[in-house]
Amino acid sequence: MINRNYLELKDSYLFAEVESRVAKYTAEHPGADVIRLGIGDVTRPLTPAVTAALHRAVDEMGEADTFRGYGPYAGYAFLREAIRGHYGKRNVALGLNEIFVSDGAKSDLGNILDIFGADISVLIPDPVYPVYVDTNVMAGRKIGFLQATEQNGFLPLPDPAVHGDIIYLCSPGNPTGAVYDRAGLAAWVDYANREGAVILFDAAYEAFVTGDLPRSIYEIPGTETCAIEFGSFSKTAGFTGTRCGYTVVPEALVRDGESLGALWLRRQSTKFNGTPYIVQRAAEAVYSEAGFAEAMANIAVYRENARVIADALTAAGVWFTGGENSPYIWLKCPGGMDSWTFFDRLLSKAQVVGTPGEGFGQNGEGFFRLTAFASPENTRRAARRLQDFLRAL
Ligand code: MLT
């Protein structure tokens, strides 16, 4: 017997569907100069501090004295120390035993569901990163949607009349780029502590936050009894192909009398053998002084790309949000066009790929996401084509 919950999923994962439409277009138009601002995949290479750490670690693996086999299930202490130091800079004190290293936030966000009961209720913003919805559909869980709309700035707040056992929050948000302020996050923390709920906080885009906005949910008092945070080196340091992330489960987070951190470690040690040693050394280097400066220099390049796209949209008179504290720009399709039609037209007329808002949920219909992760040159070329395309509509 198959898991029939899979039959409730859309035919393909959003970014796989985008890829297959682009593949069809390029097969029919060989030589087309397609520029991809679709999936949020980075283009800046790993930085010198990171590649130097990788080389050193590879050499160690080739010597009998320094060779490593299986590592600790929660990750090497050197990397967990580096992550703890990163949090410490924002006055968030974590224990080493509260940090669990993995191969990325996407895996952890899906896998964390193993430690929760099958019949719990889940609240998920709409629109949102499709992984939250799809992994709960696979498990047959009941999903309630939090309405993220232009009216509430795509930042839904808790409704005291609606109970959820698990709440997903992503800030800066994917796909809209919206960022919760302290008051917004505090409202969710109060709600979760009152309801006995657990917040799953996706902080994958924290490196893009500017000013005094929170980068971690643990900056909000009272969070250690109600939130798990997911971090990633993918967008911060270009690790989309290198793979490293981490999950923070506070010691004080207990449900049904059981420590969620202990359950997570039990889960990980049973089903996961850890992130490669060389990758953990590379991730450690991201938080070295030089490594962090290099990572931030790359983020500045992506920020400038976002500004270039934003300027093109402003010049074309198109409404958009995001791009300031996020690599994503969320625009309204002109003339009430639906988002897949906009996708197809933008691809065929301007050879620019984006992601249709509908793929992120019903409230995403009529919107469209562009990423700032392309090279500066391709971003400038895409922005010019986008502006011409929008003016001609
Ligand atoms: C996105 O484009 O939404 C992200 O790249 C997906 C991911 O990080 O897995």
Side-chain angles (χ1 to χ4, degrees), residues 9-10 12-22 34-44 102-113 124-136 138 148 154 168-179 200-208 229-247 275 283 295 298-299 302 305-306 309 321-323 325-331 339-340 343 346-347 352-361 363-364 367-375 378-379 382:
L9 295 164
K10 286 186 184 170
S12 58
Y13 180 57
L14 171 61
F15 297 106
E17 173 64 23
V18 166
E19 252 330 287
S20 94
R21 290 198 190 202
V22 176
V34 172
I35 304 177
R36 291 167 192 269
L37 307 183
I39 189 164
D41 197 2
V42 293
T43 53
R44 309 282 303 160
S102 72
D103 65 352
K106 179 180 181 176
S107 328
D108 283 3
L109 279 156
N111 294 336
I112 196 77
L113 294 174
I124 306 181
D126 172 358
V128 86
Y129 181 37
V131 168
Y132 313 156
V133 175
D134 286 1
T135 50
N136 278 287
M138 287 170 177
F154 300 102
Y168 285 81
L169 297 179
C170 178
S171 179
N174 181 6
T176 66
V179 192
L200 301 182
F201 188 80
D202 183 350
Y205 300 95
E206 59 100 1
F208 286 83
E229 181 161 299
F230 302 85
S232 168
F233 291 90
S234 287
K235 315 297 156 97
T236 303
F239 273 51
T240 51
T242 305
R243 308 305 311 148
C244 194
Y246 58 88
T247 288
T275 309
N298 281 342
I299 298 283
Y302 295 137
N305 286 346
I309 297 170
T321 184
N325 294 292
S326 145
Y328 297 130
I329 296 210
W330 183 243
L331 64 99
S339 61
W340 281 103
F343 171 90
L346 185 64
L347 177 58
V352 172
V353 180
T355 310
E358 190 271 344
F360 298 100
N363 287 337
F367 292 89
F368 199 74
R369 194 193 77 174
L370 294 170
T371 91
F373 283 126
S375 68
N378 277 345
T379 303

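Whatever order the structure lists them in is the order used to number ligands and atoms, beginning at 1. Quick caveat: nothing in here was measured; it's all calculated off a predicted structure.
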*For ligand 1, which part of Y328 has a heavy atom less than 4.0 Å away: the side chain, the backbone, both, or neither?*
side chain
_D41-T240 side chain donor-acceptor pair, cut-off 3.5 Å_ = yes
*If the plane angle is over 60° it's perpendicular, under 30° parallel, otherwise tilted; pick one for F239 and F233.*
tilted
*For ligand 1, which atoms have a heavy atom of I39 less than 4.0 angstrom away?*
2 (O), 5 (O)
*Which atoms of ligand 1 have any heavy atom of F15 under 4.0 Å away?*
1 (C), 2 (O), 3 (O)
*Any N or O of G40 that comes nearer than 3.5 Å to an N or O of ligand 1?*
yes
*Indicate yes or no: does an N/O atom of K235 lie under 3.5 Å from an N/O atom of ligand 1?*
yes
_Would N174 count as a polar contact of ligand 1, with the cut-off being nitrogen or oxygen pairs under 3.5 Å?_
yes
*Tell me, with the steps shown, if S107 and N111 meet side-chain hydrogen bond (donor to acceptor under 3.5 Å, both in side chains).*
CA-CA 6 Å; S107 328; N111 294 336; 5.1 Å; no
*How far apart are the closest heavy atoms of C244 and T275, and which atoms are they?*
SG-CG2, 4.2 Å
*Looking at ligand 1, does any of its N/O atoms fall within less than 3.5 Å of an N/O of Y129?*
yes
*Any chance the rings of Y205 and Y328 have centres within less than 6.0 Å?*
yes
_For F368 and F343, take the angle between the two ring planes, folded into 0 to 90°, and tell me which bin it lands in: parallel under 30, tilted 30 to 60, perpendicular over 60._
tilted
